[in-house]
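Contents: one structure, followed by commentary.
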Amino acid sequence: MLGLLALDTRFPRPPGDLGRGDAWGVPVLRRVVARAAPSAIVRPAAGADLDTVLPPFVQAARELAQAGVQAITTSCGFLVLAQQRLQEALPVPVVTSSLLLLPQCLQHERRVGVLTIDDRSLGEAHLLAAGVPRDRLADVVVQGVAPAGHFASSILGDRATLDLARAAGDVVAAALALRQRDAGLRTVVLECTNMPPYRQAVEAATGLRTLCLLDHPVLRALAGAAGRQ
């Protein structure tokens with residue numbers, strides 16, 4: 001069983017959104033962290049007060065561990081800033097963000113792309129927290145979706161409705177912009193857990209391989225074990 005720490009949101013989550021329990025291929029125990037709105041988490045590292053933000057996540061994660069989950073993940077890639085402190089507080093593996101895939105990717109690729117919901121807020125602190133070596137920071141190409149676009153405004157504004165076609169268009173447009181910036185890219189990591197519903201469209205439009213939280217070895221192994229039962 002997987003534990004899922006979810007932000008406190010109302011925006012729609014289409015099939016494939018990793019904030020949904022049915023996206024993982026394994027039984028999921030989901031805990032919503034009260035008052036943890038997207039706008040409180042998707043912020044520059046310099047403005048994020050972990051001492052204020054983190055305690056409710058630690059408490060919810062401890063409840064999940066006590067309930068018997070084998071690993072814990074989250075519904076927001078920006079929580080990578082809390083990776084170390086959450087792991088230190090818990091007896092089970094913690095995988096806060098798909099950004100944790102970057103170090104392994106960089107072992108095999110010259111540069112790796114990241115698609116994020118907000119490239120103005122995702123900075124060096126997040127990449128360092130994900131384990132990216134300081135001397136490889138420049139090899140991570142970060143591209144955000146349009147800040148005023150439908151996808152970003154619907155998610156960060158926590159709106160009650162979401163137009164899937166418009167959201168997909170925003171994510172694909174950002175992926176194409178990333179592709180233009182570096183034609184040699186092979187892989188793009190989807191920081192945002194709301195992006196996997198559009199990963200096939202991104203791959204078809206760009207030829208890039210997409211990675212998300214589902215591809216982390218710890219979570220993939222858990223799903224594989226569940227499938228063998």
Side-chain angles (χ1 to χ4, degrees), residues 1-9 18-19 21 24 26 28-106 112 114 116-137 140 142 155-156 189-195 211-222:
M1 184 163 57
L2 174 68
L4 174 60
L5 295 172
L7 301 191
D8 193 352
T9 63
L18 300 186
W24 293 90
V26 61
V28 170
L29 188 57
R30 190 173 183 269
R31 285 283 187 276
V32 174
V33 180
R35 294 180 293 281
S39 59
I41 305 302
V42 181
R43 301 170 59 188
D49 184 352
L50 277 184
D51 290 333
T52 299
V53 170
L54 191 58
F57 284 92
V58 172
Q59 179 59 36
R62 284 176 172 158
E63 292 171 2
L64 290 172
Q66 291 168 2
V69 302
Q70 279 74 58
I72 293 174
T73 191
T74 82
S75 73
C76 181
F78 275 74
L79 285 167
V80 71
L81 290 177
Q83 172 69 32
Q84 182 176 350
R85 289 174 63 175
L86 278 172
Q87 186 61 81
E88 290 172 350
L90 296 165
V92 298
V94 178
V95 183
T96 53
S97 175
S98 60
L99 297 176
L100 295 167
L101 294 166
L102 287 170
Q104 183 178 9
C105 291
L106 287 167
V112 179
V114 170
T116 178
I117 195 166
D118 186 355
D119 59 1
R120 300 166 300 177
S121 295
L122 186 68
E124 287 188 0
H126 300 88
L127 301 182
L128 291 170
V132 175
R134 188 171 290 277
D135 64 353
R136 297 297 305 276
L137 288 173
V140 180
V142 178
I155 303 301
L156 297 179
V189 174
L190 306 179
E191 168 276 315
C192 180
T193 60
N194 311 115
M195 288 181 176
L211 294 176
C212 69
L213 260 176
L214 288 170
D215 300 300
H216 191 280
V218 168
L219 304 179
R220 192 169 58 226
L222 185 61

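Quick note: residue numbers are just sequence positions, from 1.
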Can you check whether Gly77's main-chain N or O pairs, donor with acceptor, with Ser97's side chain at less than 3.5 Å?
yes

Test of understanding: with salt bridge (charged side-chain N to carboxylate O under 4.0 Å, His left out), list the residues that count as partners of Glu124, not counting sequence neighbours.
none

Which heavy atom of Val112 sits nearest a heavy atom of Leu106, and at what distance?
CG2-CD2, 3.8 Å

Counterpart residues, salt bridge (charged side-chain N to carboxylate O under 4.0 Å, His left out), relative to Asp215 (two or more places apart):
Arg199

Once side chain to side chain donor-acceptor pair (under 3.5 Å) is applied, do any residues pair with Arg30, and if so which ones, sequence neighbours excluded?
none

Rounded to the nearest 0.5 Å, how far apart are CD1 of Ile41 and CG of Leu156?
11.5 Å

Residues 71-80 vs salt bridge (Lys or Arg N to Asp or Glu O under 4.0 Å), sequence neighbours excluded, gives none

Per the side-chain contact (heavy atoms from CB on, under 4.5 Å) rule, which among Thr73, Leu211, Val80, Val189 passes with Ser98?
Val189

Tell me the closest heavy-atom pair linking Ile72 and Ala61, and the distance in Å.
CD1-O, 3.4 Å

Among all residues two or more places apart in sequence or in another chain, which pass the ring pair (Phe, Tyr, Trp, His ring centres under 6.0 Å) test with Phe78?
His126

Between OG1 of Thr74 and CZ of Arg31, what distance do you get to the nearest 0.5 Å?
16.0 Å

Just wondering, more than 12 heavy atoms not from Gln87 lying within 6.0 Å of its CD?
yes

Distance check, rounded to the nearest 0.5 Å: Glu88 atom CD versus Arg85 atom CZ?
8.5 Å

Indicate yes or no for a side-chain donor-acceptor contact from Asp8 to the backbone of Ala34 under 3.5 Å, with no hydrogens or angles considered.
no

Sequence-distant partners of Arg136, salt bridge (charged side-chain N to carboxylate O under 4.0 Å, His left out), two or more places apart:
Asp139

Between Leu2 and the options Val92, Leu219, Val218, the side-chain contact (heavy atoms from CB on, under 4.5 Å) test singles out Leu219

Atom CG of Leu213 and atom CG of Leu190: how far apart are they, to the nearest 0.5 Å?
10.0 Å

For Pro56 and Val33, work out which heavy atoms get closest and say how close.
CB-CG1, 3.6 Å

Contact summary for Cys212 and Leu101, nearest pair of heavy atoms:
O-CD1, 3.4 Å

How long is the span from the CG atom in Leu5 to the CG atom in Leu64, to the nearest 0.5 Å?
5.5 Å

Interatomic spacing from CG in Leu81 to OG1 in Thr96 - rounded to 0.5 Å:
8.5 Å

If we ignore hydrogens and angles and just use 3.5 Å, is the side chain of Gln83 paired with the main-chain N or O of Ala130 as donor and acceptor?
no

What closest approach, in Å, do Leu100 and Pro103 show between heavy atoms, and which atom pair accounts for it?
O-CD, 3.3 Å

For Leu4 and Leu18, work out which heavy atoms get closest and say how close.
CD2-O, 3.7 Å

For the backbone of Leu7 and the side chain of Ser75, can you confirm whether one donor and one acceptor N or O come within less than 3.5 Å of each other?
yes

May I ask you to test the Leu128-Leu137 pair for a side-chain heavy-atom distance under 4.5 Å?
yes

If we ignore hydrogens and angles and just use 3.5 Å, is the side chain of Gln70 paired with the main-chain N or O of Gly68 as donor and acceptor?
yes

Using only atom types and a distance under 3.5 Å, with no angle test, would you say the side chain of Glu191 pairs donor to acceptor with the backbone of Leu99?
no

